[in-house]
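Reviewing the structure listed below.
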Amino acid sequence: MKHEDYDVVQYKDGRPIKMWTKGVPVEEEAKQQLANTSRLPFIYKHIAVMPDVHLGKGSTIGSVIPTLGAVIPAAVGVDIGCGMMAAKTTLFAHDLPDNLGPLRTAIEKAIPHGMSPKTRSFKGRDKGSWESPPSAVDNAWAELKDGFDEICLKTPRLKNTNNYRHLGTLGSGNHFVEVCLDEANAVWFMLHSGSRGVGNAIGSHFIELAKQDMRTHFINLPDQDLAYLPEGTQHYKDYIEAVGWAQKFARMNREVMMLNLIAAVRTVISKPFETHIEAVNCHHNYVQKEHHFGKDVLVTRKGAVSARAGELGIIPGSMGAKSFIVRGKGNEESFHSCSHGAGRTMSRTAAKKLYTVADQIAATEGVECRKDANVIDEIPMAYKDIDAVMLAQTALVDVVHVLKQVVCVKG
DNA sequence: ATGTCC
C-alpha cells in the first residue's frame with residue numbers, strides 16, 4: 001500500500017508497519033526484526049519506522065513501538081533516557097578564538113568523559129566519573145535521591161552502581177559534547193548522553209527478569225530480546241518506576257553537563273554572553289505513557305524523538321555532518337515521532353576495518369576533535385546520508401535550524 | 001553503553 005509520506009508493510013499475523021523510509025536504504029535484517037516485533041500480541045495499532053532505522057538488539061533502532069498491557073525492557077535498551085540537549089547562545093562565530101584547541105581542552109577538563117571502571121587495575125585513571133563533584137551535581141542529586149532510595153528498596157544491587165558519581169558525566173561510544181554554528185553563525189552548545197552506569201544496571205536487570213519470566217511461563221518468542229513484562233505484574237510495576245527514574249536521571253545528567261559546559265566556555269571566552277536563547281532537551285531512547293487514537297498506551301521510542309505539534313527536537317548528524325533542530329508536526333500516524341539521527345549503514349567493527357585514520361582526518365576537516373584510530377567507527381561514511389533521512393520525514397518535522405560542529409569532544 | 005562483583 002502506498003501513501004504520500006510512508007509505506008505500509010504487514011507480515012502474516014502481524015500488526016502493520018508504517019515506514020517513513022522513502023529514498024533511504026533499509027537492511028533485510030532490520031525488516032526481519034520489524035516483522036518479529038509486529039507479531040507481538042500487545043502492539044497497539046501499528047509500529048512506526050523512522051528513516052534512520054537499523055539493526056538493534058531485539059528490535060530495530062529508529063522505531064516507535066506502542067504497546068497496550070506490556071512493556072519490552074530490551075526495546076528501551078540499556079542506555080535508558082539517552083538523548084540530546086542543545087542551547088543557543090548570544091555568541092557568534094567571530095567571538096570564537098582562531099585556535100579552538102584550548103576551548104576543547106577546557107570542555108574536556110570540565111566534563112568527565114570516557115569509561116570509569118571500578119576495578120583496581122584501572123585506579124588512577126578513572127576519568128569518566130567525578131572525584132569531587134561540583135555544586136551543580138549536588139543540587140541535581142538532591143532532586144533524584146528520594147526516587148533512587150525507592151527503587152533501591154526493590155532492586156538493592158543498584159546501590160552498588162555509579163549513580164551520584166556519574167551525574168553530569170558524558171560516558172563513551174557515540175556520546176559527545178559539541179560547539180556548533182547555526183545557519184546565521186550563532187554559537188550553540190550541544191551534547192548527547194544518557195543515564196550512565198545506573199541506567200545501564202536498571203536496563204540489564206529488567207531485561208534479565210523479563211527473559212526469566214518468559215521461561216517460567218513457557219512463552220516462546222522469535223527473539224529472546226523481545227521478552228516482555230505484562231501489566232499487572234510486580235516486575236512491570238517495578239520496571240515502570242525504575243525506568244522513569246533513569247529517564248529523569250538522564251535528563252538531569254544533560255542539564256548538569258550543559259551548566260558545566262557553559263562555565264568552561266566562560267573560562268576561555270572573556271566576552272560576556274547569554275545562553276538558552278532557545279533550548280531543547282529530548283530523550284531518544286525511552287518509554288512513557290501517552291494518549292494516542294483515544295487510548296492511554298505506552299510508547300517506546302528506540303532511537304526516535306517525540307515530535308508533537310510545535311515541540312522542538314534534535315536530529316544530530318554524524319561527526320563531520322550537519323545536525324538539525326526540528327519542530328514537530330504532530331503527525332499522529334507516527335505517534336508524533338521523528339528520527340534520532342542519520343542511522344548507521346555498517347557496524348562499528350566494519351567501519352574500523354574499512355576506513356583509516358587518514359579517511360577520518362579528511363572527513364572531519366575543519367572540526368576541532370579527536371581524529372585517532374579509536375574514533376574511526378564514528379566516521380561519517382558509516383552513517384546514512386542525513387539529507388536523504390531528513391527528506392524522508394518532511395511529514396513529521398520542519399527544520400528550524402541547521403547546525404555544523406566546530407568543536408567536538410568524544411568520550 | 002557500561003564495566004569486568006551479572
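Sequence lines set the chain letters: A, B, ... in the order given, protein chains first and strands last, and positions in each chain run from 1. The figures that follow rest on heavy atoms only: side chains count, while hydrogens, waters and symmetry mates do not. It should be emphasised that the depicted structure is a prediction, and the values quoted were computed from it without experimental measurement.
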Ring centroid separation A:Tyr164 to A:Trp130 under 6.0 Å: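 No.
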Starting from [atom2] on [N], measure out to [atom1] on [X] and report it in whole angstrom.
| X | N | atom1 | atom2 | value |
| --- | --- | --- | --- | --- |
| A:Lys211 | B:dC6 | NZ | C1' | 12 Å |
| A:Ile80 | B:dT2 | CD1 | P | 12 Å |
| A:Leu158 | B:dC6 | CG | C1' | 12 Å |
| A:Asn200 | B:dG3 | CG | C1' | 8 Å |
| A:Ile202 | B:dC6 | CD1 | C1' | 15 Å |
| A:Arg348 | B:dT2 | CZ | P | 11 Å |

Between [X] and [N], is there a side-chain N or O to OP1/OP2 distance below 4.0 Å?
| X | N | result |
| --- | --- | --- |
| A:Ser172 | B:dT2 | yes |
| A:His166 | B:dT2 | no |
| A:Arg196 | B:dT2 | yes |
| A:Asn162 | B:dG3 | yes |

In terms of the nearest nucleotide of DNA chain B, which residue is placed more toward the 5' end: A:Leu170 or A:Arg157?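 This one resolves to A:Leu170.
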Side-chain donor-acceptor contacts of residues 61-84 of chain A below 3.5 Å, not counting sequence neighbours, with atom names and distances?
residue	atom	partner	partner atom	Å
A:Ser63	OG	A:Thr60	O	2.6
A:Ser63	OG	A:Thr60	OG1	3.0
A:Thr67	OG1	A:Ala70	O	2.7
A:Asp79	OD1	A:Ser195	N	3.4
A:Asp79	OD2	A:His175	NE2	2.9

Touch check for A:His205, heavy atoms < 4.0 angstrom, all strands: base, sugar-phosphate only, or nothing?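 The residue A:His205 makes no contact with any strand.
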Could you tell me whether the side chain of A:Gln10 and the main chain of A:Gly14 form a donor-acceptor pair under 3.5 Å?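 A pair under 3.5 Å: yes.
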Can a salt bridge be assigned to the pair A:Lys22 and A:Asp5 using a cut-off of 4.0 Å between side-chain N and carboxylate O?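 Judged by the 4.0 Å cut-off on N to carboxylate O distance, A:Lys22 and A:Asp5 do not form a salt bridge.
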